[in-house]
Amino acid sequence: TGDVTLDVGFVNTAACKSAITYIDGDAGILRYRGYPIEQLAESSSFLETSYLLIYGELPTAEQLSAFDSRLRRHTLLVEDMKNFFDGFPRDAHPMSVLASGVAALGTFYQDSHDPYDPEAVETQTFRLMAKLPTIAAYAFRKSQGRSLLYPNNDYNLVENFLWMTFGQPTEPFDLDPDLAKALDLLFILHADHEQNCSTSTVRLVGSSEADLFASISAGIQALSGPLHGGANSAVLSMLNKIKSEGGDVAEFVRKVKNKEDGVKLMGFGHRVYKNYDPRATIVKKTAHEMFEKRAASNPLLELAMELEATALEDDYFVERKLYPNVDFYTGLIYESMGFPSDMFTVLFAIGRLPGWIAQYREMINDPATKIGRPRQVYTGSAERSFVPVDERG
Ligand code: CMC
């Protein structure tokens with residue numbers, strides 16, 4: 001094993017070259033294709049940002065409109081897909097339903113699965129981008145025992161998702177433009193984050209020349225864990241637990257520092273950011289604006305702020321450079337929008353999809369790509385001889 005270097009968790013190993021997302025973790029900088037996240041959050045839309053990530057440049061007005069209308073034509077699911085939703089238990093986690101739904105798409109589209117066929121990859125791109133919100137909304141409706149709603153292609157992608165999630169089949173839909181705008185912004189913030197766990201999964205699966213549906217389905221599963229996308233719902237559970245136990249923030253921080261029962265401050269810390277996550281800055285501001293606009297105070301937001309302030313003053317967090325990450329405040333916003341906590345990571349997945357697709361396409365088009373196949377340092381027995389079962393003891 002002399003020729004391999006042990007790097008558990010790939011802390012220091014780059015697995016690819018990429019021109020998509022730039023992060024400077026010490027300075028707290030994030031850019032998609034060179035554009036600062038703050039500018040995209042302020043001035044772009046999720047649709048436009050998706051185009052930017054996938055094709056490398058901001059679209060012209062015509063390109064954006066063509067992208068939008070092509071997406072609108074793909075929002076429907078094959079009717080037989082409903083059998084899947086019928087078959088899943090009602091209390092199935094929507095992330096499992098989402099990953100299964102994406103894997104199932106691969107069974108319905110029998111056209112080319114060849115990753116080197118650019119037209120096939122392009123078609124799969126549109127199918128995935130357009131249908132993931134439909135699958136996500138179906139997963140939600142199923143968990144609520146409510147009827148499934150067909151997409152309404154008068155709406156754009158984000159509005160359509162809100163309609164399919166919260167609409168009533170018998171009533172006109174009162175689309176809240178502030179809510180749609182806030183969700184659009186959150187999707188922009190989640191749209192890519194270079195080689196995180198789920199994106200690396202998409203690339204690893206895709207490196208075997210598996211198609212986009214298979215690779216993205218695996219990415220969704222990777223995102224579901226609490227150390228990754230699942231952190232957004234874990235933060236809300238943590239805040240609720242602290243509140244139900246009397247709201248003693250200092251006591252909670254003490255437990256975290258002593259690593260009592262393995263308790264962590266969820267929504268804090270990051271492999272790359274050793275500074276405030278720039279996405280968290282924007283999310284925090286959005287949370288404040290939302291609650292102010294509704295003239296609603298949210299005790300959990302106040303608790304989260306107290307927790308953040310206490311942690312940021314504490315040596316444990318200062319020494320380890322632990323700051324709030326994107327997941328710290330998003331759950332509070334999603335909850336106020338009316339999403340149950342098991343849907344939070346589904347929302348993350350919708351936002352991350354264009355990034356996964358862009359990374360898959362970059363990998364497939366990179367002549368340097370090889371199948372991902374890490375090495376290991378073997379720690380098991382040296383060679384020994386087999387002993388028949390009746391001679392063992
Ligand atoms: N609470 C308490 N201690 C922490 C935390 C935390 N949230 N994060 C890191 N630490 C400690 C860790 O115990 C270690 O301490 P020590 O040196 O005494 O053993 C030190 O800080 C370094 O942490 P690490 O575990 O080596 O860092 P990592 O890069 O392997 O892990 C992380 C990164 C995000 C998994 C981790 O910070 C974490 O578990 N955070 C909580 C879960 C979370 O919020 N995840 C969302 C990540 S951001 C967006 C996304 O991917 O979804």
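Scope of the values below: all heavy atoms of this structure, side chains included, with no hydrogens, waters or symmetry mates. Indexing begins at 1, ligand by ligand and atom by atom, following the structure's order.
To the nearest 0.5 angstrom, F140 atom CZ is 12.0 Å from L148 atom CG. To the nearest 0.5 Å, the span separating CG on L239 from OH on Y329 amounts to 9.0 Å.
Two rings, from F328 and F268, have their centers less than 6.0 Å apart. A ring-centre distance under 6.0 Å is not found for Y32 and H193. For an aromatic pair to be called close, the ring centres must be under 6.0 Å apart, and F339 with F166 satisfies this.
A cation-pi arrangement, defined by a distance under 6.0 Å to the six-membered ring centre and an angle within 45 degrees of its axis, is present between R320 and Y316. Relative to the ring axis of Y109, R127 places its NZ or CZ within 45° and under 6.0 Å from the centre.
When hydrogens are left out, the protein atom nearest atom 34 (C) of ligand 1 is G269 O, 3.6 Å; that is the closest non-hydrogen contact. Atom 6 (C) of ligand 1 has L265 O, 3.7 Å as its closest protein atom, hydrogens excluded (heavy atom only). Protein heavy atom in closest approach to atom 30 (O) of ligand 1: R271 NH2, 3.0 Å. At the shortest separation from atom 51 (O) of ligand 1 among protein heavy atoms lies H228 ND1, 2.7 Å. When only non-hydrogen protein atoms are considered, atom 16 (P) of ligand 1 lies nearest to K259 NZ, 3.5 Å. Among all protein heavy atoms, the one lying closest to atom 38 (C) of ligand 1 is K264 NZ, 3.6 Å.
For N196 and S198, the side-chain atoms include at least one donor-acceptor pair closer than 3.5 Å. With hydrogens and angles left out, the side-chain atoms of T330 and N232 include no donor and acceptor closer than 3.5 Å. Remark: the S143 side chain and the D342 side chain contain no N/O donor-acceptor pair separated by less than 3.5 Å. One side chain, S18 or E362, offers a donor N or O that lies under 3.5 Å from an acceptor on the other.
Cluster partners of I29 are Y22, counting Ile, Leu, Val, Met, Phe, Trp and Tyr whose side-chain heavy atoms approach within less than 4.5 Å, directly or via other members.
Listed by atom number, the atoms of ligand 1 under 4.0 Å from F348 heavy atoms are 52 (O). Near Y316, the atoms of ligand 1 lying under 4.0 angstrom from a non-hydrogen atom of the residue are 2 (C), 3 (N), 4 (C), 11 (C), 13 (O). Counting atoms of ligand 1 from 1 in the listed order, those under 4.0 Å from a heavy atom of G229 are 52 (O).
Taking a distance limit of 4.0 Å, we find that atom 4 (C) of ligand 1 is approached by some protein heavy atom. In this structure, atom 1 (N) of ligand 1 has a protein heavy-atom contact shorter than 4.0 Å. In this structure, atom 25 (O) of ligand 1 is not in close contact with the protein, since no protein heavy atom lies within 4.0 Å of it. There is no protein heavy atom less than 4.0 angstrom from atom 22 (C) of ligand 1.
Closest of all the heavy-atom pairs between S341 and L236 is CB-CD2, 4.3 Å. The heavy-atom pair separating F317 from K257 by the smallest distance is CE1-CG, 4.3 Å.
Residue contacts with ligand 1, taken as heavy atom pairs separated by less than 4.0 Å, involve L322 solely via side-chain atoms from C-beta onward. Contacts with ligand 1 closer than 4.0 Å are made by no heavy atom of F328, backbone or side chain. With a 4.0 Å cut-off on non-hydrogen atoms, L227 touches ligand 1 through its backbone as well as its side chain.
Looking at ligand 1, you won't find any N or O of A231 less than 3.5 Å from one of its N or O atoms. Polar contact with ligand 1: absent for R279 (N/O pair, distance under 3.5 Å). Every N/O-N/O distance between M266 and ligand 1 stays at or above 3.5 Å. Residue D327 has at least one N or O atom closer than 3.5 Å to an N or O atom of ligand 1. For a threshold of 3.5 Å applied to N or O pairs, the pair formed by F268 and ligand 1 contains at least one separation below that value.
Ligand 1 has G267 within reach: a non-hydrogen atom of the residue lies less than 4.0 Å from it.
Between the choices R320, K274, K321, the shortest heavy-atom distance to atom 20 (C) of ligand 1 belongs to R320. Across the listed options N325, V256, V263, N325 owns the non-hydrogen atom lying nearest to atom 47 (C) of ligand 1.
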